Novice: 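Can you read through this structure? Questions will come right after.
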Amino acid sequence: MRKTYDHDTLSEQGDLSVSSKISEAAEMTPCTRPNDMTRVDAPPVPTLLVEPNTLLREGLKRILSETPYSLCASGANLDEVWRTWPPNADPFLLIIDAVSDHEAKCEQIARIKSELPNARAVMLVDQYDLKRLLAAFKAGADAYLIKTVSCEVLVKSLDLVMLGETVFPSAVLGLLREHGDEEDEASFEHTEEDPESAPRGLSVRETVILRCLMEGDSNKLIARKFDITEATVKVHVKAILRKIRAKNRTQAAIWAASHLPSNGRGMAR
């Protein structure tokens, strides 16, 4: 089953960021990882690197050189990389800068994923933006990482991506809270059902629980708000995930940010 990971939870070490390692490129040493010994026999992964900043590109190449991610081609843009190495391996890993021309990069990833479903794509950005993150998610990006992420988290994120997982920032939850309605406690009181407040396929109760997921509420907190058991909440959450085809609560929250009506406040009895 495909899962979504928050890359901030992959490591508690934040002092060895990619950007800081690259700024010290002249005396850069390989990134150390606790599990290096278990990866000696790991098969090489054909890797493409698209990064317009030469210094950053060289730093990333140095980091990848100590991993199973075998750099086959690198360049300032995807067309340049594609000419250097036409894809002849599947799956392969694409690491691509998405600071500029974000929409175009999403389109490129969507096209690659449609032609090569087993390809993996990691987008590197300088800051988080909810609309851009949602666009990347819909385009098929497998990871959305900020360039100040630590070396250890970068490599672990790549490992998860190649295992078929999705890695998105935990910061997205904060962005979702800002994007959603600023609801006070009164909005959780029981009211009459309002069919117009629920997206097609979701009951009103499921819709308001989905809003709670978007706010980052735990099952226990949701149960308290609706005066129901946690087991009942779990049943609703499973139904929600199935109906919107989400794999976990984070994906459900991302879906809710772009699909729930902004003024939907209905609540099932």
Side-chain angles (χ1 to χ4, degrees), residues 7 10-11 13-33 36 39 42 44-113 116 119-129 132-133 135-136 139-162 167-169:
H7 69 66
L10 295 179
S11 172
Q13 301 179 4
D15 56 334
L16 295 177
S17 70
V18 173
S19 58
S20 64
K21 293 288 288 182
I22 293 170
S23 66
E24 301 169 359
E27 51 183 347
M28 184 182 295
T29 56
C31 287
T32 57
R33 299 185 303 282
D36 272 347
R39 300 178 47 156
V45 178
T47 304
L48 308 181
L49 173 61
V50 178
E51 170 55 58
N53 185 298
T54 303
L55 184 60
L56 181 56
R57 186 168 66 247
E58 292 303 314
L60 286 169
K61 289 168 64 175
R62 181 66 178 270
I63 292 171
L64 295 175
S65 69
E66 302 297 328
T67 73
Y69 302 102
S70 176
L71 196 62
C72 298
S74 64
N77 57 71
L78 186 59
D79 289 337
E80 178 182 338
V81 171
W82 222 249
R83 287 195 301 270
T84 305
W85 182 74
N88 56 9
D90 191 20
F92 69 89
L93 174 66
L94 169 65
I95 302 175
I96 185 168
D97 164 83
V99 174
S100 59
D101 297 325
H102 191 276
E103 184 176 352
K105 302 296 174 54
C106 288
E107 292 175 354
Q108 291 173 342
I109 288 176
R111 185 171 63 252
I112 291 172
K113 291 305 242 352
L116 300 167
R120 304 285 185 262
V122 174
M123 300 181 77
L124 300 179
V125 297
D126 58 355
Q127 62 182 356
Y128 295 133
D129 177 89
R132 288 189 168 193
L133 191 148
D142 297 282
Y144 199 83
L145 308 177
I146 198 164
K147 289 185 178 181
T148 55
V149 69
S150 72
C151 280
E152 182 178 9
V153 170
L154 172 65
V155 176
K156 286 183 177 180
S157 297
L158 299 183
D159 292 345
L160 287 170
V161 164
M162 295 312 299
V167 182
F168 280 82

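Predicted model, so just to flag it, every value in this text is computed and none were measured.
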Novice: Evaluate V81 against I96 for side-chain contact (heavy atoms from CB on, under 4.5 Å), listing each step before the verdict.
Specialist: CA-CA 11 Å; V81 171; I96 185 168; over 6 Å; no
Novice: Is the shortest side-chain heavy-atom distance between V45 and L158 below 4.5 Å?
Specialist: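 Not touching, per the 4.5 Å side-chain cut-off.
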Novice: Is any side-chain heavy atom of D159 less than 4.5 Å from a side-chain heavy atom of Y69?
Specialist: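 In short, these two side chains touch, coming nearer than 4.5 Å.
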Novice: Are the side chains of S157 and L145 in contact, using a 4.5 Å heavy-atom criterion?
Specialist: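 A side-chain contact under 4.5 Å exists here.
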Novice: Can you name the nearest heavy-atom pair linking E51 to K147, along with the distance?
Specialist: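 Nearest heavy atoms, E51 then K147: OE1-NZ, 3.0 Å.
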Novice: When the side chains of residues 102-111 are checked against the rest of the protein, which donor-acceptor pairs come out under 3.5 Å, sequence neighbours left out?
Specialist:
unit_1, atom_1, unit_2, atom_2, d
H102, NE2, Y144, OH, 3.0
K105, NZ, D97, O, 2.8
K105, NZ, S100, O, 3.2

Novice: Give, for atom CD1 of I95 and atom CZ of R120, the distance between the pair rounded to the nearest 0.5 Å.
Specialist: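 Here the rounded value is 13.5 Å.
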Novice: From L71 CG over to L48 CG, what is the distance, rounded to the nearest 0.5 angstrom?
Specialist: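 Those atoms lie 8.0 Å apart.
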Novice: How close do E80 and G75 get, counting heavy atoms only, and between which atoms?
Specialist: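 For E80 and G75, the tightest heavy-atom pair comes out as OE2-CA, 3.6 Å.
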Novice: Applying the side-chain contact (heavy atoms from CB on, under 4.5 Å) criterion to P44, which one of P68, C72, S70 satisfies it?
Specialist: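 Of the listed options, the one satisfying the test is S70.
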Novice: Just so I know, are the side chains of L154 and L60 near enough to count as touching, which here means a heavy-atom distance under 4.5 Å?
Specialist: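 Counting from C-beta outward, L154 and L60 do come under 4.5 Å.
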Novice: D126: which residues meet the side-chain contact (heavy atoms from CB on, under 4.5 Å) condition with it, sequence neighbours left out?
Specialist: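 side-chain contact (heavy atoms from CB on, under 4.5 Å) list for D126, sorted by chain: V99.
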Novice: Rounded to the nearest 0.5 Å, what separation is found between the CG atom of L56 and the NZ atom of K61?
Specialist: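 L56 CG to K61 NZ: 12.0 Å, rounded to 0.5 Å.
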Novice: Could you measure the distance from the CD1 atom of I112 to the CH2 atom of W82? Nearest 0.5 Å is fine.
Specialist: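 If we round to the nearest 0.5 Å, I112:CD1 and W82:CH2 are 4.0 Å apart.
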Novice: Between M123 and A98, which heavy-atom pair has the shortest distance, and what is it?
Specialist: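 Scanning both residues, the minimum pair turns out to be CE-CB, 3.3 Å.
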Novice: Just how far is it from atom NZ of K113 to atom CG of D142, taken to the nearest 0.5 Å?
Specialist: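 Here the rounded value is 3.5 Å.
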Novice: Could you state the interatomic distance from CG (L133) to OH (Y128), rounded to the nearest 0.5 Å?
Specialist: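 If we round to the nearest 0.5 Å, L133:CG and Y128:OH are 8.5 Å apart.
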Novice: Can you tell which of L49, V122, V50, L116 makes a side-chain contact (heavy atoms from CB on, under 4.5 Å) with L94?
Specialist: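 Of all the options given, the one that passes is V50.
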